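None of the values given here were measured: they were computed from a predicted structure.
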Amino acid sequence: MRRFVQVALLVLSGVGLLRTSLFTEAYLRYVKEGMRPLLIASGVLLILLGVAEAWSAGRRPETEGDSHDHGHDHSGVPRVAWLLFLPALSLLFYAPPALGSYTASREAPKAVAVVDEDGFEPLPATSPLPITLTDFTQRVQQDEARSIEGRTVRMTGFVTPAGGGEGWYLTRIMLSCCAADAQSVKVRVYGVEAPKADTWVTVTGTWHAQGTLGTPSAAVALDGRTVGKIERPVNGYTDALPLALGS
């Protein structure tokens, strides 16, 4: 019985990994896209280990150590061990949701990098201007030329409630490797009603004039004009201009 559980866990986990990484995009909820080959290799390895364990079990009988002379058998599986099947089965039948507002609301935003004085490129004349949340934050608080002043910008992220006070947060979560090292960047949005938490949206608006633009006192915030719901982009775990699904 104990060997059966070991084999089943190995095979189910391997099949679940292969299903998630080969036939769906669900793995992108937990790791970066570049991790896909490693997930596939791990799934194959788990299945091979399960097959090897089953083959080994079929070639040799249970040892006498599984049963003792004092009249009872220790070869059964503890009840708690059956709980190990839950994560294995979840890979096959239920994929937990992607990281979102719950995670972002419980951690401080990532500190953006400091840009050299001459490091800001001139902004194109496009209006509204597509911009990432990080670039917006850097220009608001570091760009002494105030190139963002008066510009209508367009940013994409998901909705995170702001708790007390006005407005809500437009948020992106970034992964260095996997969900365990997630960090967020946020821009507060005023003037437009927030959709439901975790809804992916594109927001247009202008800088919310609070503090001195181009200095750390400037608010990383937007006076919103329009909010439009979108599908989660495939590069949802980066702070980059969004890529459409299937592109």
Side-chain angles (χ1 to χ4, degrees), residues 20-21 23-36 94-107 109-110 112 121 123-140 147-148 150-163 165-179 181-208 219-247:
T20 302
S21 56
F23 305 110
T24 75
E25 301 293 333
Y27 75 98
L28 292 174
R29 300 178 184 180
Y30 324 112
V31 299
K32 297 184 70 173
E33 186 173 7
M35 299 291 289
R36 189 174 203 171
Y94 172 74
L99 300 180
S101 61
Y102 180 86
T103 299
S105 63
R106 283 160 177 77
E107 63 176 20
K110 177 184 177 182
V112 299
E121 298 290 335
L123 292 173
T126 307
S127 184
L129 172 70
I131 192 170
T132 66
L133 276 66
T134 297
D135 193 11
F136 179 81
T137 301
Q138 290 171 327
R139 289 183 181 273
V140 164
S147 59
I148 207 74
R151 296 295 304 269
T152 299
V153 299
R154 181 173 70 237
M155 292 183 285
T156 297
F158 62 85
V159 176
T160 299
E166 298 180 9
W168 48 279
Y169 289 109
L170 185 69
T171 310
R172 295 295 288 259
I173 285 180
M174 297 158 287
L175 303 184
S176 297
C177 173
C178 62
D181 56 31
Q183 294 181 303
S184 64
V185 60
K186 305 175 186 176
V187 172
R188 194 148 187 162
V189 180
Y190 296 95
V192 287
E193 184 176 353
K196 184 180 177 182
D198 294 313
T199 302
W200 278 83
V201 295
T202 292
V203 181
T204 62
T206 56
W207 173 63
H208 179 74
V220 182
L222 198 70
D223 286 326
R225 294 182 179 175
T226 65
V227 178
K229 298 180 182 180
I230 64 167
E231 294 292 327
R232 183 182 190 275
V234 295
N235 61 339
Y237 277 149
T238 63
D239 184 29
L241 296 179
L243 297 175
L245 288 168
S247 65

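- Remark: His208 NE2 to Asp223 CG distance equals 5.5 Å, nearest 0.5 Å.
- The shortest distance between side-chain heavy atoms of Lys196 and Val159 does not fall below 4.5 Å.
- The minimum heavy-atom distance between Trp200 and Arg232, with the atom names listed, is NE1-CG, 3.4 Å.
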Trace of the side-chain contact (heavy atoms from CB on, under 4.5 Å) decision for Leu222 with Val153 = CA-CA 9 Å; Leu222 198 70; Val153 299; 3.6 Å; yes
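- Annotation for Ala162 and Gly167: closest pair CB-O, 3.4 Å, computed over non-hydrogen atoms.
- Contact record, Val227 with Pro195: CG1-CG, 3.9 Å, taken as the closest heavy-atom pair.
- A distance-only check finds a donor-acceptor pair linking the side chain of Arg172 to the backbone of Thr238 [under 3.5 Å].
- Shown here for Val140 and Ala219, the closest heavy-atom pair between the two residues is CG1-O, 3.4 Å.
- Side-chain contact between Leu170 and Phe136 is absent, with no heavy-atom pair separated by less than 4.5 Å.
- Summarising the geometry, atom OG1 belonging to Thr156 is positioned 12.0 Å from atom CD1 belonging to Ile131; distances are rounded to the nearest 0.5 Å.
- Distance CG/Leu129 to CE/Met155: 9.5 Å, rounded to 0.5 Å.
- Ser127 and Thr152 make their closest contact through OG-CB, 3.9 Å (heavy atoms, listed as atom of the first residue, atom of the second, distance).
- For the pairing with Lys186, the side chain to side chain contact (heavy atoms under 4.5 Å, CB included) check across Val220, Thr171, Ile173 returns one residue only, Thr171.
- Without hydrogens or angle criteria, Arg151 side chain to Trp207 main chain gives no donor-acceptor distance under 3.5 Å.
- Residue Thr132 holds its OG1 atom at 4.5 Å from CG of Asp239, rounded to the nearest 0.5 Å.
- The shortest heavy-atom contact between Tyr169 and Pro161 is CD1-O, 4.1 Å.
- Between Glu121 atom CD and Arg139 atom CZ the span is 8.0 Å, to the nearest 0.5 Å.
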Working for side-chain contact (heavy atoms from CB on, under 4.5 Å), residues Arg154 and Thr226 = CA-CA 9 Å; Arg154 181 173 70 237; Thr226 65; over 6 Å; no
